[in-house]
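Positions are given from 1, in the same order as the sequence printed here.
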Amino acid sequence: MQSKYSSPVKGLLPLFLIINIVVTSLAIVAYSLYSQNQTRSEKIEPSINIADLATRLDLPLVDALTMYGQGKVRQLLDLTSLLNNDFHYTLYRFNSTSQTELVYSSTKPAIASIKLNDHLIDDGVLHHLLMLNDQPIGELIIKQKQSNLLLTMQNSQVVTYLIAIASVIALFIFALMFNAYINNRLRASTGLLTEELQAIAENGNYDSNVSEQLEIGLNVVAQNINLLLQKVQTAMTNNDTAQKELQKLQNSLETEVHNRTLALEQATLKAERASETKTTFLATMSHEIRTPMNGVIGTIDLLRQTELDGAQHRLSTIIRESAFSLLSILDDILDFSKIEAGKLNIDPIPFSVTDTIEEVARVLSSVAKKRELDLELSIAPDIPINLIGDTVRVRQVLYNLCSNAIKFTSTDEKTQGHVKISVEVAHNTADHFTLRFCVTDNGKGMTQAQLREIFNPFIQAENSITREYGGTGLGLSICKSLTELMLGTIHVNSHIGIGSEFTVELPFSTSGKIKYDHKGALNAKHIVVVSNHLERQKVMYRYLSFMGAKITNVYNEQEIEEHQYDPDIIWVVDGIDNMDKINALLRRLLYSLEDNNQQVVVLSKLDEAAINHKNIFYINAAPLCKSNFMLSILVAAGLHQPTKTD
């Protein structure tokens, strides 16, 4: 429980006490200074100056000491004391032996003689020598008595201090009483205000008001609280109204959302049924149309084997090419419908990536040759031959990308068109390999706007492409879908007038222990490579290094002559670009081949040999297939027997 002297306002009582003590102390100090000034003024203005008194008594005392004797001296000094009772007098006589003799003293004990003229102002004492014929005959000592006024002032100061102490005590008691009075009034007002606010908070009745009949300035606080309560009540009323409107709007919105959801579900169901119907129709029609188309193609092939004149042969060729184009479109539509229906499955089996890529390159080599394009092939030799994947879908993706590259690349007077297919190991672990397939061309290229839509179905880079080249615009969309089904990625870089590069990365697992084809088989066999085509030379160097050969590159006749008579070497000569020059070289080497047990592997565009010799092997290197090249080298080295045909 709080004491009646404890204040809800912290520091109120100490503040009263400090103010009272400071005021009382200032009053005492002021009174003391006033009393001291009064005392000093009394000292400064005495009734007679002590020095003047000594001068006036000098001659009478000299006469009294020399003429009348000591009795006269006492009478004179007693008379002086009666006339002015403010001083004490002491008189010494000096005899002939300079000894002092006390003649008179009104104080006990007598003030000692110093035989000098000296005025001790602070002590109120004056030493005055009595001179006769310039000789001291005595010493008069005058001491001023303490003033009665000074004593009265000292007594008054004591009384003042007593009164000050009593005043402090009285003020302390008054402060306690005043503090209790203020606290009682303040506590009563704050208690009433607190109770009313607690009642309002507990009941939530913000529409009521607190009492404004409060003291010590709390009435202003109560008025502001009432204004705040009014604003709170207004805000609560507005909030209730807004909540009702919001609830009404929410109910309406839920109804609307429910209705639209039902409508959307019905529309979605209809769309799914329509899509399923479309997919089923496309799949069925594709199968139904492919069957007679295969019959048409077979019939055309049989017709072409009969005797036809030139015009009939050209017409049959047109029919056959049109049939294959239609069959290709049907295949795209069938694959697209399967992908949309989610019925296209990936069938992983052990396969050779090299064989798959070379098969695509061989199929498209005739198309590239017809369009006068250089078709290049580069397969990393460190790709295992026992990877597991869907060879059909990998072949389909590469075939679409390569056929597009060939389709949109051309050769003119300024530029030799070329298409390159390459595959590298992107990264690998103990049992997984990720391969990066790249199809690069120097064709017309595409803009950034075209690249953004190139993988969308039924989209081609330009509207004129359909008219000029044909196609449905499904090829790249199918490639992207197949790549994603095989957990791979596909992207393209292209620039107008420079060409395009499609990159596909596909993951593969391995079937058992990792196996490589012909790794280290040559065992440091010396191979001399004759080629002026830098890219092809790099590819051959990579293949031969993987096979463990010792490789020497020669570029001119002088370098060739240095190795013409080396025993047991294998020549690899590149005749793809200039076969006439290579034939001349072969005729020069012809006489030294058997004598030095040398073998020659010729890269050419021919399927048959131009020079028949048992030590010369011709391979079709347009494109340069890794498997054919390695087998030819092994045959030349006597490490493999070629297949004989009847």
Q. For the side chain of Arg393 and the backbone of Ile346, is there at least one donor-acceptor N/O pair under 3.5 Å apart?
A. no

Q) What's the verdict on side-chain hydrogen bond (donor to acceptor under 3.5 Å, both in side chains) for Asn251 and Gln247, showing C-alpha distance, side-chain angles and the deciding distance? A) CA-CA 6 Å; Asn251 294 334; Gln247 184 64 34; 3.2 Å; yes

Q. Taking atom CG of Asp355 and atom NZ of Lys626, what is their separation to the nearest 0.5 Å?
A. 8.5 Å

Q: Starting at NZ of Lys420, measure out to CG of Leu375 and round the result to the nearest 0.5 Å.
A: 11.5 Å

Q | Thr306 (side chain) donor-acceptor with Leu303 (main chain) under 3.5 angstrom | A | yes

Q: In sequence, state the C-alpha distance, the side-chain angles, and the governing distance for Ile551 and Ser545, and then conclude on side-chain contact (heavy atoms from CB on, under 4.5 Å).
A: CA-CA 8 Å; Ile551 307 166; Ser545 297; 3.4 Å; yes

Q: Measure the shortest side-chain to side-chain distance between Arg542 and Pro381 over non-hydrogen atoms and say whether it is less than 4.5 angstrom.
A: yes

Q: Evaluate side-chain contact (heavy atoms from CB on, under 4.5 Å) for Asn532 paired with Lys581, printing each intermediate quantity in order.
A: CA-CA 12 Å; Asn532 291 321; Lys581 182 178 180 181; 4.0 Å; yes

Q | Pairs satisfying ring-ring contact (aromatic ring centres under 6.0 Å, His included), at least one member in residues 349-395, at least two apart | A | Phe351-Phe508

Q) Taking the side chain from Gln599 and the backbone from Ala637, do they hold a donor-acceptor pair closer than 3.5 Å? A) no

Q | Approximate separation, where rounding is to 0.5 Å, of Ile388 CD1 and Ser509 OG | A | 4.0 Å

(Q) Donor-acceptor pair, distance only, cut-off 3.5 Å: does the side chain of Asp441 make one with the backbone of Gly417? (A) no

(Q) Can you confirm whether Lys525 is buried at NZ, in the sense that more than 12 heavy atoms of other residues, nucleotides or ligands lie under 6.0 Å from that atom? (A) yes

Q) Which pair of non-hydrogen atoms, one from Met540 and one from Ser531, has the smallest distance, and what is that distance? A) CE-CB, 3.9 Å

(Q) If I compare all heavy atoms of Ala636 with all of Val601, which pair ends up nearest, and what's the gap? (A) CB-CG2, 3.9 Å

Q. Counting only N and O atoms by type, is there a donor-acceptor contact under 3.5 Å from the side chain of Ser494 to the main-chain atoms of Gly499?
A. yes

**Q.** Close side-chain approach of Asn345 and Asp390, heavy atoms under 4.5 Å
**A.** no

Q: Report the C-alpha separation of Met630 and Met547 in whole Å, then their side-chain angles, then the decisive distance to 0.1 Å, and conclude whether the side-chain contact (heavy atoms from CB on, under 4.5 Å) test is met.
A: CA-CA 8 Å; Met630 287 186 172; Met547 296 175 71; 3.5 Å; yes

Q) Hey, does the side chain of Asn386 reach the backbone of Ser511 with a donor-acceptor pair shorter than 3.5 angstrom? A) yes

**Q.** Separation of Ile527 CD1 from Ile570 CD1 (nearest 0.5 Å)
**A.** 4.0 Å

Q | Any donor-acceptor pair under 3.5 Å from Asn597 side chain to Pro567 backbone | A | no

Q: Using atom types as modelled and distance alone, determine if a side-chain donor or acceptor of Asn493 lies under 3.5 Å from a backbone N or O of Glu501.
A: no

Q) Closest heavy-atom contact between Phe546 and Asp517? A) CE2-O, 3.5 Å

Q: Please list all pairs passing the ring-ring contact (aromatic ring centres under 6.0 Å, His included) test where one or both residues lie in residues 559-595, with sequence neighbours left out.
A: His526-His563

(Q) When you compare the side chain of Ile633 with that of Tyr543, does any pair of heavy atoms fall below 4.5 Å? (A) no

Q: Using the side-chain hydrogen bond (donor to acceptor under 3.5 Å, both in side chains) rule, take Ser378 and Ser422 through it: C-alpha gap first, then chi angles, then the decisive distance, then the call.
A: CA-CA 5 Å; Ser378 175; Ser422 63; 5.8 Å; no

Q) Any side-chain heavy-atom pair from Leu624 and Leu377 closer than 4.5 angstrom? A) no

Q: Start with the C-alpha distance between Ile616 and Leu590, add both sets of side-chain angles, then the distance that settles side-chain contact (heavy atoms from CB on, under 4.5 Å), and finish with yes or no.
A: CA-CA 9 Å; Ile616 300 177; Leu590 194 61; 4.1 Å; yes

Q) For the residue pair Ser365 and Ala622, what are the closest heavy atoms and their distance? A) CB-O, 4.0 Å

Q: Provide the closest heavy-atom pair for Ser604 versus Tyr618 in the form atom of the first, atom of the second, distance.
A: OG-CD2, 4.0 Å

Q) More than 12 non-hydrogen atoms from neighbouring residues, nucleotides or ligands closer than 6.0 Å to CD on Gln558, yes or no? A) no

**Q.** Between CD on residue Glu484 and OG1 on residue Thr489, distance to nearest 0.5 Å
**A.** 9.5 Å

Q) Does the side chain of Asn400 reach to within under 4.5 Å of the side chain of Leu476, using non-hydrogen atoms? A) no

Q: Answer yes or no: are there more than 12 heavy-atom neighbours, outside Glu372 itself, under 6.0 Å from its atom CD?
A: no

(Q) Quick check for you: to the nearest 0.5 Å, what is the distance between Asn404 atom CG and Cys479 atom SG? (A) 7.5 Å

Q) So, Asp574 side chain and Ile576 main chain: donor-acceptor pair closer than 3.5 Å or not? A) yes

(Q) Quick one: does any side-chain atom of Glu358 pair with a main-chain N or O of Ser627 as donor and acceptor, under 3.5 Å? (A) yes

Q.
Using a 6.0 Å cut-off, check whether atom CG of Asp577 has over 12 heavy atoms from anything other than its own residue.
A. yes

Q: Answer yes or no: are there more than 12 heavy-atom neighbours, outside Glu557 itself, under 6.0 Å from its atom CD?
A: no

Q.
Is there a side-chain contact between Asp347 and Thr391 in this structure, where contact means two heavy atoms from C-beta onward sitting under 4.5 Å apart?
A. no

Q | Smallest separation among heavy atoms of Asn596 and Asp566, with atom names | A | CB-O, 3.8 Å

Q. Any side-chain heavy-atom pair from Ile383 and Val425 closer than 4.5 angstrom?
A. yes

**Q.** Close side-chain approach of Thr510 to Leu387, heavy-atom, < 4.5 Å
**A.** yes

